[in-house]
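Chain A is the first sequence line, chain B the second, and so forth, proteins listed ahead of strands; every chain is numbered from 1.
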Number of protein chains: 2
Amino acid sequence: MANNIRVGIVGYGNLGRGVEIAISKNPDLTLAGIFTRRDPKSLTPASKTPVYAYDEMSNFKDDMDVMILCGGSATDLPVMSPEIAGSFNIVDSFDNHSKIPDHFAAVNKAAEESGKVAVISVGWDPGLFSLNRLLGEIVLPQGDTFTFWGEGLSQGHSDAVRRIEGVKKAVQYTVPIEEVLQEAREGKGADLTSAQRHKRVCYVVADEKDQARIEQEIKTMPDYFAPYDTTVNFISEEEFNKNHTKMKHGGVVIRSGKTSEEHKETVEFSLNLDSNPEFTASVLVAYARAAFRLNQEGGKGAKTAFDIPFAYLTPKSHAQILKDLL
Amino acid sequence: MANNIRVGIVGYGNLGRGVEIAISKNPDLTLAGIFTRRDPKSLTPASKTPVYAYDEMSNFKDDMDVMILCGGSATDLPVMSPEIAGSFNIVDSFDNHSKIPDHFAAVNKAAEESGKVAVISVGWDPGLFSLNRLLGEIVLPQGDTFTFWGEGLSQGHSDAVRRIEGVKKAVQYTVPIEEVLQEAREGKGADLTSAQRHKRVCYVVADEKDQARIEQEIKTMPDYFAPYDTTVNFISEEEFNKNHTKMKHGGVVIRSGKTSEEHKETVEFSLNLDSNPEFTASVLVAYARAAFRLNQEGGKGAKTAFDIPFAYLTPKSHAQILKDLL
C-alpha cells in the first residue's frame with residue numbers, strides 16, 4: 001500500500017463526481033486534478049481538488065499517473081481517449097458496443113506510440129457483464145447466454161419522454177420480465193428479442209389535460225417504446241422528487257448450459273445498484289490502479305477487462321489475497 | 001483454433017471422468033493420456049484414451065502439453081502437484097483453503113525450477129467463487145462479503161452419515177437458510193457463522209427399527225451436525241436411487257456495500273449445478289488452456305485464478321471476443 005497513485009479526472013458530470021467519491025474510498029489513490037472543457041472556475045468539487053482547463057492537460061504529464069476519462073461515448077471519448085492516451089495512462093468507459101473494435105484500434109495505436117496503458121470500456125456493461133458473458137462461454141461451451149438490464153433508469157429513454165410537449169418531469173425504468181428471466185435460468189428463450197425480455201415503466205409529471213395524449217405519444221414512439229410492453233404512470237411532483245431521483249440500475253447475465261447430456265449447469269452474475277454512476281466510477285478507479293501498475297511493469301497499448309488479471313485491481317498483496325480470498 | 005493442446009489426466013475418479021467429458025466439448029484440446037496409480041488395465045475410459053501407470057509419466061514429457069491433476073487435496077495433491085510441476089505444465093483443484101499459501105509456495109518452487117506453469121486451486125470454490133470474493137472487495141471497498149454453499153451434496157457429511165451403524169445408503173445436502181440469504185442481499189448478517197447460514201438435510205435408507213437411533217446419532221454428531229439445523233428424512237431405496245444419486249451443488253457469493261452514504265450496491269454471483277465434478281472439470285480444462293498459453297509465452301511458476309486474464313481461457317481470438325462479448 002506504499003504506492004500513492006495520482007489520478008486525474010477528465011470531465012466532471014455524474015460519472016466524474018462518482019470517480020471523485022470512489023477515489024476517497026481507496027487509500028492508495030490520490031485525486032490530483034480535475035480537467036474540464038467548461039470554465040474551471042465554474043466547478044467547485046466537494047473534495048476541493050484543483051480544477052484545470054482541458055487544454056492545460058499537457059502541462060501535467062509528470063503530475064498524473066493515470067487519467068480517468070468521464071466523457072460520453074457518442075462524441076467525447078472517440079476523440080479524447082486516443083488524444084489523452086498519447087501522453088497519459090488512461091481508463092475510459094466507452095460503451096457503444098458496436099464501435100468497440102474501432103475504438104480499441106484507435107486507442108491502441110496512440111498508447112503503443114506513447115508507451116502508455118489505456119484501459120477501455122470498463123464499468124459494468126461493458127465491463128463486469130462482459131467478463132461474465134465471456135466466462136459463461138468458457139466454462140459452459142455448450143449453452144446460451146442471456147443479458148437482462150434493470151430494473152434501472154435509462155437516461156436515453158427518460159430524455160425521449162421529456163422531449164414530449166407538456167411533460168414536466170419524467171423517468172423511464174427498464175424492467176426485466178420476471179417470467180422470461182426465470183425461463184432463462186432454465187436455459188429457455190435464447191431467441192427472444194430485447195423487447196420480449198424487458199418492459200418499460202415510465203413515471204411522468206404532467207397536467208391532467210395532457211395525460212392521455214402524452215401516454216399515447218410515449219407508447220407509440222418507434223424503437224424506443226412501440227415494440228415494448230410500456231406502462232405510463234402519472235404522479236405528482238412531490239412523489240417524483242421523493243422516489244424517482246436516484247440513478248438506480250443493474251441487471252443479470254445468465255449462462256445456462258450442459259456439461260453432459262443429463263447435467264445442466266447455470267452461472268449467474270447480477271447487480272443491484274442504487275447509483276449507476278457511483279458504481280461505474282468504482283470499477284473505473286480499480287482499473288486505473290491496474291493501468292498504472294501494468295505500465296510500471298513495462299506494459300503499453302490498449303487493454304480491456306478481458307486482458308487484466310484481478311490481482312492487478314486490488315490494493316492488497318498477492319500473499320494476502322491467496323490467504324484471505326482464494 | 002489451429003492449436004491442438006495435448007492434455008493428460010492424472011487420476012480417474014469422478015473429477016477425472018468429468019475432465020474427459022469436458023475436453024470433448026473443447027475442439028482445441030485433445031485428451032492424450034490418462035495416468036493412474038491403479039492397474040492401468042483396470043480402467044476402460046469411455047473415450048478409449050490410452051491409460052498409463054503413474055510411474056511411467058516421465059516418459060511422456062514431449063507428448064503432453066499440460067497435465068490436469070484430479071487427485072484429492074488431503075494427501076494426493078500436496079505431493080503430486082509439486083512433483084508433476086517439475087516436468088509438466090499442470091492445473092490442480094487444491095481446495096484446502098487454509099493450506100493454499102503453503103501449497104502455492106511448494107508448487108511455485110517446482111515450477112520456477114522446471115520453467116513450467118502450474119495453475120493451482122481452480123474450480124468453483126476455490127476458483128470462480130474466489131474471483132468473485134476478490135472482485136466484490138475491489139469494486140465495493142466498503143462492504144461485506146457473504147459466501148453461501150448449496151443447495152448441494154456434501155461428500156464429507158454424506159460419508160459421516162454412512163459410517164453410522166444400520167445406515168444402508170445416505171446423502172447429505174447443505175442448504176442455505178433462505179431468510180439469511182435474503183438478508184445478506186441487504187448487507188445484513190456478516191457476523192453469522194456457517195451454522196447460522198446453512199441447514200443440513202439428510203436422506204437415509206435404513207430399517208425402521210434403527211431409525212430413531214440413527215436420527216439421534218446424526219443430529220448430535222459434533223461439528224458435522226450438532227451446531228446445525230438438521231433434518232433427517234428416511235426414504236425407500238427406490239426413492240433414493242431415483243432422486244439422490246446426482247452430485248448437485250452450487251452456491252452464492254454476495255458483496256453488499258456502499259459507494260456513498262445514501263447509495264447501496266449489491267454484486268452477486270451464483271451457481272446452480274447438476275454435476276459438481278463435471279462443472280469443476282470444465283473450469284479446470286479452461287485453465288489448462290491458459291497454462292499452456294502462458295508457458296508458450298515464456299511464463300513459469302505457480303498461478304491462481306487471480307493472476308490469469310480471462311482472454312487466456314477462451315479459444316476465441318482477441319478480436320472476436322471484443323466484437324462479440326465486450
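For the side chain to side chain contact (heavy atoms under 4.5 Å, CB included) with V139(A), the lone residue among V283(B), T280(B), V285(B) that qualifies is V283(B).
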For residues 305-314 of chain A, please give each side-chain donor-acceptor pair under 3.5 Å, one per line with the distance, not counting sequence neighbours.
{"unit_1": "D307(A)", "atom_1": "OD1", "unit_2": "H318(B)", "atom_2": "NE2", "d": "2.7"}
{"unit_1": "D307(A)", "atom_1": "OD2", "unit_2": "T304(A)", "atom_2": "N", "d": "2.8"}
{"unit_1": "D307(A)", "atom_1": "OD2", "unit_2": "T304(A)", "atom_2": "OG1", "d": "3.0"}
{"unit_1": "D307(A)", "atom_1": "OD2", "unit_2": "H318(B)", "atom_2": "NE2", "d": "3.0"}
{"unit_1": "Y312(A)", "atom_1": "OH", "unit_2": "E297(A)", "atom_2": "OE1", "d": "2.7"}
{"unit_1": "Y312(A)", "atom_1": "OH", "unit_2": "E297(A)", "atom_2": "OE2", "d": "3.0"}
{"unit_1": "T314(A)", "atom_1": "OG1", "unit_2": "K316(A)", "atom_2": "N", "d": "3.0"}

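Put simply, of I138(A), T259(A), L326(A), the one with the most heavy-atom pairs under 4.5 Å next to chain B is L326(A). Ranking I321(B), I100(B), D324(B), I21(B) against chain A, the residue ahead of the rest is I321(B), based on heavy-atom pairs under 4.5 Å. When the candidates P101(B), A286(B), S260(B) are compared by the number of heavy-atom contacts under 4.5 Å with chain A, S260(B) comes out ahead. Across L325(A), T147(A), L140(A), I254(A), the residue that shares the most heavy-atom pairs under 4.5 angstrom with chain B is L325(A).
Annotation: the span from N26(A) atom CG to Q142(B) atom CD amounts to 9.0 Å, rounded to 0.5 Å. Here the straight-line distance linking atom NZ of K248(B) with atom NE2 of H263(A) works out to 9.0 Å at 0.5 Å rounding. Residue H103(A) holds its NE2 atom at 11.5 Å from CG of L322(B), rounded to the nearest 0.5 Å.
The environment of K25(B) atom NZ is dense: over 12 non-hydrogen atoms of other residues, nucleotides or ligands sit within 6.0 angstrom.
Considering only heavy atoms from C-beta on, P315(B) stays 4.5 Å or farther from P141(A) through its side chain.
Chain B is approached within less than 4.5 Å, heavy atom to heavy atom, by K264(A), E265(A), T266(A), V267(A), E268(A), F269(A), S270(A), L271(A), N272(A), L273(A) from residues 264-273 of chain A, ordered by number. Residues of residues 121-137 of chain B that come within less than 4.5 angstrom of chain A, heavy atom to heavy atom, are S121(B), D125(B), P126(B), L128(B), S130(B), L131(B), N132(B), R133(B), L134(B), L135(B), E137(B) in numerical order.
Here salt bridge (charged side-chain N to carboxylate O under 4.0 Å, His left out) pairs that include residues 270-279 of chain A, with residues two or more places apart or in two chains, are K246(A)-D274(A).
Heavy atoms of F104(A) lying under 4.5 Å from chain B belong exclusively to its side chain.
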